[in-house]
Amino acid sequence: MSYITVHSIRISWTVILLLGYVAYLFLGAAVFQMLEKQAETHTRSNFQLAKLKFLTNYSCLDGPALERFVRIIIDAWDKGVNPTGNSTNPSNWDFSSSFFFAGAVVTTIGFGNLAPSTVGGQAFCVFYALVGIPLNLTFLNTLGRSLNGYLKRVERSGQKSNNKQVMEIFAMVFFLILGTVLLLVFPPLIFSHVEGWTYGESFYFAFITLSTIGFGDYVVGTDPGKHYISIYRSLAGVWIIVGLAWLALLFNLGSRAMEWVFQLKRQRKKPKLEVKHDPKQDDCT
Amino acid sequence: MCARSRCSRSCVLLFLGYFAYLLIGAAVFQALELKEESELKARVWRKKAQFLNISSTSPAARQALEKLVEAITEAIKHGVNPIGNDSNSSHTNWDFSSSFFFAVTVVSTIGYGNISPTTAGGQIFCVFYALFGIPVHVIILSHVGKYLTSHSEKMGVYLSKKGVKEKRVKLLTFLFFLVIGAVVFLALPPLVFCIFENWSYREGVYYAFITLSTIGFGDYVVGADPHRTFHRFYRALVAIWILFGIAWLALLFNLLTVFMEDTEKKIAKIKNKKKAAKEKMNFKYDANANSSSENVSILSGSETGVRKGAQKPFKQQESSHVDLTIIASDHDQEETKPEPEKNAKNTGQEKPENIIHPIILNSRKT
């Protein structure tokens with residue numbers, strides 16, 4: 001009865017959402033292509049020029065030898081070894097870097113500048129993630145609850161006015177702005193200072209990391225030419241964890257807001273169906 | 001108050017456990033990988049030295065070599081394949097289907113990183129694209145998750161009709177969900193990858209897991225080998241697999257998370273038995289909001305919990321009850337009779353925001 005009706009409405013919403021999702025992907029593909037293709041061609045031709053220059057300067061070398069050399073460099077890079085510099089480059093698997101890597105796995109960021117290359121490492125990584133990801137979620141959940149507690153306190157302190165929802169929205173907005181400044185605006189300043197990136201690149205890194213996308217094109221503390229203080233990476237780790245909890249809250253509110261808006265629209269458009277459903281919905285409190 | 005001190009004690013324990021887990025992982029990874037890395041390093045420096053011997057040992061030559069190596073690494077960072085010569089330039093990382101695949105990895109938060117935006121415009125657009133795309137993806141995932149669990153629920157209903165006990169039904173539906181999902185998403189696709197990507201089966205499984213958990217290292221990526229041509233539909237099929245697989249694995253992680261939290265709360269409950277019983281009486285009827293496992297189907301249980309939360313988007317759902325009921329652990333309300341029927345009805349409700357991105361789900365439970 002109402003289940004079927006609801007079901008059919010839900011189906012059409014799902015289809016609409018799915019179509020919208022696919023359309024969003026197409027849009028993204030087109031824009032990325034437009035923005036990046038030229039730069040890629042540029043990089044490619046620059047590199048070919050560099051190669052040719054090198055070969056002409058050292059004509060005793062032949063092409064194939066150089067290609068073999070390039071292959072080794074690529075292989076090294078894929079395994080996380082930075083081929084620039086010399087053999088005194090710091091290891092990628094010293095304890096603090098391994099710790100950072102374990103954190104990247106468990107938070108599903110997965111930078112990828114470093115990845116296990118041994119069979120044992122890969123197998124262990126899978127099982128480690130299988131347990132570690134739920135553990136991380138539990139932990140973030142607990143953190144999120146504490147953050148929520150503070151939010152509730154802020155809300156309650158201002159709930160004497162009649163416009164309850166306005167106050168709540170106000171508190172929410174204030175909280176969001178504060179969080180944004182503390183976690184997304186301020187740390188990139190530090191990163192750009194320490195790592196030598198521009199502020200835009202640091203912000204890009206911060207966002208990509210906290211959303212757990214984690215490309216790995218920028219990673220803190222991996223420049224072999226710089227010297228970092230020992231707690232730098234640990235501080236970065238703490239920032240990541242708190243930032244994750246906060247950003248998850250943000251995304252959650254965002255999708256709930258979208259849901260709420262859809263619900264409002266649906267309520268306005270189809271009051272009849274709502275009346276039918278109310279007796280079944282024994283949970284509307 | 002008391003609730004907060006209890007929470008803070010378990011919080012500290014949880015934090016210590018989490019930290020210890022990271023430490024253990026770090027030690028093991030180091031033990032497994034360090035040796036291989038030093039061998040690789042030695043090989044690279046040897047080759048470099050060999051190369052210098054071939055050319056010459058003048059500082060100019062060494063510098064030139066360094067510059068070349070830097071140029072190579074820059075090219076790799078920007079996703080350009082340094083092997084070969086200009087005849088390869090017809091291959092690009094940013095043709096439409098590759099850009100589409102990239103958009104998928106952004107929005108699903110996998111983020112391989114073998115290709116990433118290098119222009120300032122690309123990076124800015126990427127940030128905003130993800131900002132709106134990730135919530136959309138999360139909503140889609142919730143729908144997919146619901147679709148996946150509906151099958152398990154059907155099996156659960158079928159089993160309970162056959163007269164199987166409730167707890168058995170729960171266990172069986174969970175096992176069904178786990179095994180079928182593992183076969184379809186983790187065991188079968190690597191066979192396809194063996195053929196198309198020429199990876200070993202183990203590498204295929206590793207890649208499948210790393211992708212579906214959205215870790216996405218990028219050390220293995222489908223369709224990234226420039227020397228192979230791929231079927232048009234191959235990438236499309238992979239995208240579909242990613243969508244369903246992520247939803248399945250997210251549900252699985254959510255179940256494991258719930259299990260971990262259950263254990264945590266049971267420990268807390270044992271310590272405060274009497275108070276818990278008292279609070280259970282008071283809040284049994286109010287606080288279904290945060291129950292997540294007292295249901296015919298384990299899977300739909302969490303859904304109803306979140307559904308409750310979704311009804312009042314800006315009121316973080318009776319959080320005054322939350323603090324107490326967390327400890328009172330209404331997970332124990334499995335025995336109360338009205339729950340299963342109520343929640344069985346509610347699974348038919350139109351609340352799409354269910355088991356989606358695990359992080360989202362869990363923050364919503366608060």
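Heavy-atom basis, side chains included; hydrogens, waters and symmetry copies ignored. Residue numbering restarts at 1 for every chain, and letters A, B, ... go by the order of the sequence lines. Fair warning: this is a prediction, and the values are worked out from it, not measured in the lab.
Considering every non-hydrogen atom in both B:Ser213 and B:Phe253, the closest pair reads CB-CE1, 3.9 Å.
Ranked by heavy-atom pairs under 4.5 Å with chain A, the list B:Gly122, B:Gly218, B:Ser200 is led by B:Gly122. Among the candidates A:Ala102, A:Ala129, A:Pro116, A:Gly120, the residue making the largest number of heavy-atom pairs closer than 4.5 Å to chain B is A:Pro116. Annotation: maximal heavy-atom pairing with chain A below 4.5 Å, among B:Tyr147, B:Phe125, B:Phe101, occurs at B:Phe125.
Between A:Asn113 and B:Phe217, the closest side-chain pair of non-hydrogen atoms is not below 4.5 Å. Proximity of B:Val107 to B:Val136: side-chain heavy atoms (C-beta onward) are nowhere separated by under 4.5 Å. Between A:Ile133 and B:Ile215 there is a side-chain heavy-atom pair separated by less than 4.5 Å. Looking at B:Ile210 and A:Cys125, their side chains come closer than 4.5 Å, going by heavy atoms from C-beta outward. Side-chain contact check for A:Pro134 versus B:Phe259: every heavy-atom pair is 4.5 Å or farther apart.
By the side-chain contact (heavy atoms from CB on, under 4.5 Å) test, B:Val104 is found to be paired with A:Leu25, B:Phe100, B:Ser108, residues two or more places apart in sequence or in another chain being considered. For B:Phe128, the side-chain contact (heavy atoms from CB on, under 4.5 Å) test picks out B:Ile124, B:Leu131, with sequence neighbours left out.
If you measure heavy-atom distances from A:Val106 to chain B, the contacts under 4.5 Å come from the side chain alone. Contact annotation for B:Ala27: both backbone and side-chain heavy atoms come within less than 4.5 Å of a heavy atom of chain A. For B:Val106, the parts lying near chain A are the backbone and the side chain together; criterion is any non-hydrogen pair under 4.5 Å. Residue A:Leu135 touches chain B through both its backbone and its side chain, counting heavy-atom pairs closer than 4.5 Å. Residue A:Phe100: no heavy atom, backbone or side chain, is found under 4.5 Å from chain B. For a residue to count as touching a neighbouring chain, one of its non-hydrogen atoms must lie under 4.5 Å from one of that chain's; by this rule A:Tyr128 touches chain B with backbone and side chain alike. Both the backbone and the side chain of B:Tyr129 come within less than 4.5 Å of a heavy atom in chain A. Contacts between B:Ile110 and chain A at a heavy-atom distance below 4.5 Å involve the backbone alone (N, CA, C, O). Only the side chain of A:Tyr218 comes within contact range of chain B, judged by heavy atoms closer than 4.5 Å. For chain B, the nearby part of A:Ile208 is the side chain; its heavy atoms alone come within less than 4.5 Å.
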Is there a side chain to side chain contact (heavy atoms under 4.5 Å, CB included) between B:Tyr206 and B:Asp219? Walk through the geometry before answering. CA-CA 10 Å; B:Tyr206 169 72; B:Asp219 47 356; 3.3 Å; yes

